[in-house]
Trainee: 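Take a look at this one; I'll ask things after.
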Amino acid sequence: VDVTAPSFKIPYQVTTPDYPVEGMLEIPIEGDEDTIGVYKQVLASKEPFTLNFDEVELPEDGISAAIVRNYQVRSQMVMALHPRVGEPWMLGLHQCSYAREWTKEDQKLFKNISARITDVVTGTLLYKDLEASEEKFRSILESSNDASMLFGDKGFFDCNAATLRMFGCSGKEEFLG
């Protein structure tokens with residue numbers, strides 16, 4: 001969550017049939033002053049942040065009022081996720097059927113679940129970074145005019161076109177043999 005960004009997108013959501021939320025993943029949601037204030041509070045806290053929209057006065061033109069109006073959210077619990085790489089994320093749980101009072105037990109469970117999800121997000125981000133790094137390395141290897149060969153425990157396992165030209169091979173299979 002970048003509180004300086006003009007908008008954000010929700011990367012993942014799960015809903016129930018009684019309260020479907022169509023299209024929220026596709027549209028950028030513009031942050032207003034109140035929403036950014038909530039984000040800052042959430043990001044600064046190590047505990048879940050709870051809101052009961054029946055008890056909070058919301059400006060009519062703000063994102064929070066629009067969420068309550070358009071998606072029937074009555075209360076929510078939000079927690080900052082701080083993966084070991086990248087920017088912080090936020091995990092939210094909405095109650096739509098009634099204005100729920102989140103108990104200490106609810107908050108403790110949500111905090112524990114958030115810790116596990118943080119581990120998953122960290123793993124996913126690291127994997128994406130690794131894929132991007134491998135792609136960049138592959139591009140450099142393939143575009144190099146210098147012969148480059150990759151060697152492992154069982155011998156050569158890859159090479160570039162310059163290597164094939166240097167050794168007069170017609171394909172990688174011939175060189176790696």
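Below, all heavy atoms of this structure are taken into account, side chains as well, without hydrogens, waters or symmetry copies.
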Trainee: Below 4.0 angstrom, N of the basic side chain to O of the carboxylate: do R138 and E142 qualify?
Mentor: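 Salt bridge: yes.
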Trainee: So with a 6.0 Å cut-off around CD of E135, is the heavy-atom count from everything else above 12?
Mentor: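 Atom CD in E135 is not packed in, count stays at 12 or less.
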Trainee: Return the minimal non-hydrogen interatomic distance between G168 and E174, and the atom names on each side.
Mentor: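 So the minimum-distance heavy-atom pair works out to O-OE2, 4.3 Å.
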Trainee: Between F157 and L176, is there shared hydrophobic-cluster membership here, with clusters defined by ILVMFWY side-chain heavy atoms closer than 4.5 Å?
Mentor: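 No: no chain of side-chain contacts under 4.5 Å links F157 to L176.
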Trainee: Start with the C-alpha gap between M77 and F49, add the side-chain angles, then the distance that decides, and say whether side-chain contact (heavy atoms from CB on, under 4.5 Å) holds.
Mentor: CA-CA 6 Å; M77 183 164 34; F49 183 84; over 6 Å; no
Trainee: What distance separates M149 CE from N160 CG, expressed to the nearest 0.5 Å?
Mentor: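 Answer for the CE-CG pair, M149 versus N160, is 8.0 Å.
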Trainee: Apply side-chain contact (heavy atoms from CB on, under 4.5 Å) to V78 and F110, showing your working.
Mentor: CA-CA 9 Å; V78 184; F110 189 68; 5.6 Å; no
Trainee: Is it true that, when you exclude N145 itself, more than 12 heavy atoms of the residues, nucleotides or ligands shown sit nearer than 6.0 Å to its CG?
Mentor: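 No - once you tally the heavy atoms of other residues, nucleotides and ligands closer than 6.0 Å, there are 12 at most.
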Trainee: How long is the gap from CZ on R84 to CG on L126, to the nearest 0.5 Å?
Mentor: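 Spacing of CZ (R84) from CG (L126) equals 7.0 Å.
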Trainee: Fit a plane to each ring of F151 and F156, take the angle between them on a 0 to 90° scale, and name the class: parallel (under 30°), tilted (30 to 60°) or perpendicular (over 60°).
Mentor: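 F151 vs F156 ring planes: perpendicular.
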Trainee: May I ask you to decide if P83's main-chain N or O and T118's side chain share a donor-acceptor pair within less than 3.5 Å?
Mentor: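 No, T118 side chain to P83 backbone: no donor-acceptor pair under 3.5 Å.
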Trainee: May I have the step-by-step check of side-chain hydrogen bond (donor to acceptor under 3.5 Å, both in side chains) for D106 and T103, ending in yes or no?
Mentor: CA-CA 5 Å; D106 292 336; T103 67; 3.2 Å; yes
Trainee: For the pair N52 and R74, evaluate side-chain contact (heavy atoms from CB on, under 4.5 Å) and give the outcome as yes or no after the intermediate values.
Mentor: CA-CA 6 Å; N52 181 332; R74 302 287 301 279; 5.9 Å; no
Trainee: Do F175 and T163 come within less than 4.5 Å of each other through their side chains, counting heavy atoms only?
Mentor: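 Result yes, sub-4.5 Å side-chain heavy-atom pair found.
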Trainee: Within the side chain of W102, is there an N or O that forms a donor-acceptor pair under 3.5 Å with the backbone of Q76?
Mentor: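 Looks like yes, one N/O pair under 3.5 Å.
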Trainee: Find the distance between NE2 (H82) and OG (S114) and round it off to the nearest 0.5 Å.
Mentor: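 The NE2 atom of H82 sits 10.5 Å away from the OG atom of S114.
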Trainee: Which atom names give the shortest non-hydrogen contact between K172 and D158, and what distance separates them?
Mentor: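 What the structure gives for the nearest pair is NZ-OD1, 2.9 Å.
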Trainee: Roughly how far, to the nearest 0.5 Å, is the CG atom of L91 from the CD1 atom of I117?
Mentor: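 Here the interatomic distance stands at 4.5 Å.
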Trainee: If you measure from the Lys or Arg side-chain nitrogens to the Asp or Glu carboxylate oxygens, is any gap between E105 and K111 under 4.0 Å?
Mentor: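 Salt bridge flag = no for K111 with E105.
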Trainee: Rounded to the nearest 0.5 Å, what separates atom CD in E47 from atom CD in Q107?
Mentor: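 Atom-to-atom, E47:CD and Q107:CD are 8.0 Å apart.
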Trainee: What closest approach, in Å, do A162 and S144 show between heavy atoms, and which atom pair accounts for it?
Mentor: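 That closest heavy-atom pairing would be CB-O, 4.0 Å.
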Trainee: Is there a donor in the side chain of Q95 and an acceptor in the side chain of S97, or the other way round, less than 3.5 Å apart?
Mentor: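 Looking only at side-chain atoms, S97 and Q95 do form a donor-acceptor pair, the distance falling under 3.5 Å.
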Trainee: Is there a donor-acceptor pair under 3.5 Å between the side chain of S133 and the backbone N or O of D129?
Mentor: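 The answer is no, because no donor-acceptor pair under 3.5 Å joins these two groups.
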Trainee: What closest approach, in Å, do V85 and T122 show between heavy atoms, and which atom pair accounts for it?
Mentor: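 Looks like CG2-O, 4.3 Å.
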Trainee: Could you give me the CA-CA distance, side-chain angles and deciding distance for L150 and L141, then say whether side-chain contact (heavy atoms from CB on, under 4.5 Å) is met?
Mentor: CA-CA 10 Å; L150 301 180; L141 176 73; 4.2 Å; yes
Trainee: If hydrophobic clusters are built from ILVMFWY residues whose side chains come within less than 4.5 Å, do V120 and I113 share one?
Mentor: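 In one cluster with V120: I113, no.
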Trainee: With rounding to the nearest 0.5 Å, note down the distance linking CG in L93 to CZ in R100.
Mentor: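 Rounded to the nearest 0.5 Å, the CG-CZ separation comes out at 7.0 Å.
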Trainee: Give the minimum heavy-atom separation between L164 and C159, together with the two atoms involved.
Mentor: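 Heavy atoms only, the tightest pair is CD2-SG, 3.7 Å.
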